[in-house]
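Remarks on the structure that follows.
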Amino acid sequence: MSAPKPITFTKADADALVTVTGRIALLLTADGKSGPLGRRLDRLSRGAITRATASAAWDKLKPGEGVDIAWPAGLQAEALQLVKLPRRATMAEARKAGATISKALGAGGVTVVAEGQIEFAELALGLALRAYDFAAHKTTGVKERGDITVMTADPEAAEAGARAAMAVAEGVCFTRDLVNEPANVLTTTDFANRLKAMEKLGLKVEVLDEDALTKLGMGALLGVGQGSESPSSVVVMQWNGGKKGDAPFALVGKGVVFDTGGISIKPAAGMEEMTMDMGGAGVVAGVMRTLALRKAKANVVGLVGIVENMPDGRAQRPGDVVKSMKGDTIEIINTDAEGRLVLADVLWYAQERFKPTGMINLATLTGAIIIGLGHEHAGVFSNDDALSAAFLKAATAEGEGAWRMPMGPAYDEMLKSRIADMKNTGGRPGGSITAAQFLKRFVKDETPWIHLDIAGVALPPKETTLAPKGATGWGVMALNRLVADMLEG
Ligand code: BES
Ligand code: MN
Ligand code: ZN
């Protein structure tokens, strides 16, 4: 797994700057102010910084953006990157500054000169997240990137400040790795093993195999996986950092390692993207990792349903009727609406076993949410205004787009089946909402619950501020913050 790039903090040393090779990134306020190190760099480069920050180009830069002075005179560095960071920078601006620096990172590495009041935690998070690169399967053409060093007056304090942020970075990068990984590598078995390995972080991890799931009556989940050579499982990850005996908060994830659509097979174009259909489970795993790494004072349980949706002689057919663990029967209209079948059983199991104080599930559930919200916001469906508001606040604070969507009993009409208790699809109109209504049937009235449809945000088509093109790890930061705000506050 590609751990986030480590960041080293060293004591400010003006003399050392002269001999630094690779890149130097200097943080400056909007009016071009830095500290003694910045002034030294300016003198060494014969006023290049003064001239650059007096330019119209500098004026145009937004907070967190930067400009390069290539091969600066008087220095051995290959580039001097001037990064604009206002005096009382917001969290987003400090992260953006870090990301700007990491995006330009080359083989020679970078020395970041950070003087004045810098939010080191946010800067470090931006540095670590944008330095992420999924190169596991490249044998050539890998962009080499050197070390990241931050030079500052009090490196110990800066490093301590950045510690929790690095736990977040590691959780996000874990999620990204899982989501980027192809399905012949991240098989159902491999996925469960990677989660089991998190036991060494102090999590309690159980893998329920197909026999256990059969005994529990998880017919909905098992039906989805029955066409695959790779066994289905439910993995339960417990972090008990809170009061002993207190009921946990539950996170539930859809973990379809590959979604061909099954017998209702998907068109070929773009099908390769369905390696990301375990994105919900990936986020749950990333959050659990972060909580364990930062030893969160909260009880949280993460449950993921891991399956592969394949067409096969044994695969589930349209028209089949399956029985969920709850006891409700479901007529399969479209085998491609598999995520809700997996979640139905895991949601029910989570409530029966843990009686959680609240429950949030994440899933790359519908293409319709992409039509509705694009790649900027995840869809938020909830039976509880307070929990929903708390989540939206956390997501906004973390810069992770999330938008509340409607629910209501009128949509249930579309799920009526002639021969079973319900159908698994409701047709095209409001496709994301009928999917949410389906899930709601497996949520008890007394459980505050949110369903996050992350189909549009898990693997957007372009790079984002904090992620190169590929998996984003959307949601790890928001959920980690929600746990901190709501359960540790
Ligand atoms: N995994 C897909 C949803 C998806 C689509 C995720 C695009 C990411 C990008 C899901 O299992 C699915 O196939 N949903 C169907 C539901 C339909 C058959 C009711 C869909 O959205 O078309
Ligand atoms: Mn599908
Ligand atoms: Zn799917």
Side-chain angles (χ1 to χ4, degrees), residues 178-180 183 186 188 191 220-221 223-228 232 252-283 304-311 315-320 330-346 361-379 381 405 411 414-417 422-439 451-462 470-472 474-475:
L178 291 167
V179 173
N180 283 326
L186 194 85
T188 56
F191 194 1
L221 181 148
V224 175
Q226 82 192 23
S228 171
S232 304
V252 173
K254 167 182 173 181
V256 177
V257 296
F258 195 77
D259 181 12
T260 62
I263 296 300
S264 314
I265 199 161
K266 287 180 181 296
M271 200 204 276
E272 70 283 357
E273 277 191 8
M274 285 303 128
T275 56
M276 54 77 108
D277 211 21
M278 34 54 65
V283 173
V304 296
I306 302 181
V307 303
E308 184 180 39
N309 189 18
M310 296 290 268
Q316 162 161 283
R317 291 161 289 260
D320 283 4
I330 305 161
E331 182 189 5
I332 308 298
I333 300 299
N334 189 320
T335 63
D336 198 11
E338 84 296 342
R340 62 197 75 182
L341 298 167
V342 174
L343 287 173
D345 279 338
V346 185
N361 75 256
L362 298 101
T364 49
L365 202 64
T366 65
I369 201 69
I370 308 177
I371 303 303
L373 299 177
H375 300 282
E376 308 304 327
H377 294 88
F381 301 84
M405 298 286 287
Y411 296 96
M414 297 197 261
L415 294 173
K416 279 195 177 144
S417 162
M422 69 191 88
K423 298 192 292 190
N424 79 326
T425 61
R428 285 181 36 101
S432 301
I433 308 174
T434 50
Q437 290 295 141
F438 182 97
L439 295 181
H451 153 52
L452 297 172
D453 194 335
I454 63 169
V457 294
L459 188 85
K462 290 199 296 278
T472 57
W474 182 100

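For the numbers below, each heavy atom of this structure counts, side chains included, while hydrogens, waters and symmetry mates do not. Counting starts at 1 for both ligands and their atoms, in listed order.
The shell of residues lying under 4.0 angstrom from ligand 1, judged by heavy atoms, includes Lys266.
With hydrogens and angles disregarded, no donor-acceptor distance shorter than 3.5 Å links the side chain of His451 to the backbone of Phe381.
Of the candidates Val283, Val179, Val256, Met278 forms a side chain to side chain contact (heavy atoms under 4.5 Å, CB included) with just one, namely Val179.
When only non-hydrogen protein atoms are considered, atom 1 (N) of ligand 1 lies nearest to Asp277 OD1, 2.8 Å. When hydrogens are left out, the protein atom nearest atom 17 (C) of ligand 1 is Ala337 CB, 4.4 Å; that is the closest non-hydrogen contact. Here the protein heavy atom with the shortest distance to atom 10 (C) of ligand 1 is Leu365 O, 3.3 Å. Ranking the protein heavy atoms by distance from atom 7 (C) of ligand 1 puts Met274 CE, 3.6 Å first. Nearest to atom 20 (C) of ligand 1 among the protein's heavy atoms is Gly367 N, 3.9 Å. The nearest heavy-atom contact from the protein to atom 12 (C) of ligand 1 is Asp336 O, 3.2 Å. Shortest contact from atom 2 (C) of ligand 1 to any protein heavy atom: Asp259 OD2, 3.6 Å.
When each atom of ligand 1 is checked for a heavy atom of Met276 under 4.0 Å away, the hits are 8 (C). For ligand 1, the atoms closer than 4.0 angstrom to any heavy atom of Glu338 are 11 (O). Those atoms of ligand 1 with a heavy atom of Lys254 less than 4.0 angstrom away are 1 (N), 10 (C), 11 (O). Each of the following atoms of ligand 1 lies closer than 4.0 Å to a heavy atom of Thr364: 1 (N), 2 (C), 3 (C), 6 (C).
Residue-to-ligand polar distances keep Thr366 apart from ligand 1: every N/O pair is separated by 3.5 Å or more. Residue Asn334 places no N or O, backbone or side chain, under 3.5 Å from any N or O of ligand 1. For Arg340, no nitrogen or oxygen atom sits less than 3.5 Å from a nitrogen or oxygen atom of ligand 1, counting backbone and side chain alike.
Because the distance cut-off is set at 2.8 Å, Glu338 qualifies as a neighbour of the Mn ion (ligand 2) through one of its N, O or S atoms. The Zn ion (ligand 3) has an N, O or S atom of Lys254 under 2.8 Å away, backbone or side chain.
Put simply, the side chain of Asp336 reaches to within 4.5 Å of the side chain of Lys266, judged on heavy atoms. Contact check for Phe258 versus Met271: side-chain heavy atoms found under the 4.5 Å cut-off.
Proximity annotation for atom 19 (C) of ligand 1: of Ile370, Ile454, Leu459, Thr425, Thr425 comes nearest, heavy atoms only.
Thr364 and Asp277 share a side-chain donor-acceptor pair at under 3.5 Å.
Within Asp277, the N, O or S atom at minimum distance from the Zn ion (ligand 3) carries the name OD2. Nearest to the Mn ion (ligand 2), among the N, O or S atoms that Asp259 has, is OD2. If you look at Asp259 and ask which of its N, O or S atoms sits nearest the Zn ion (ligand 3), the answer is OD2. Sorting the N, O or S atoms of Glu338 by how far they are from the Zn ion (ligand 3) puts OE2 first.
More than 12 heavy atoms of other residues, nucleotides or ligands sit less than 6.0 Å from atom CD of Glu272.
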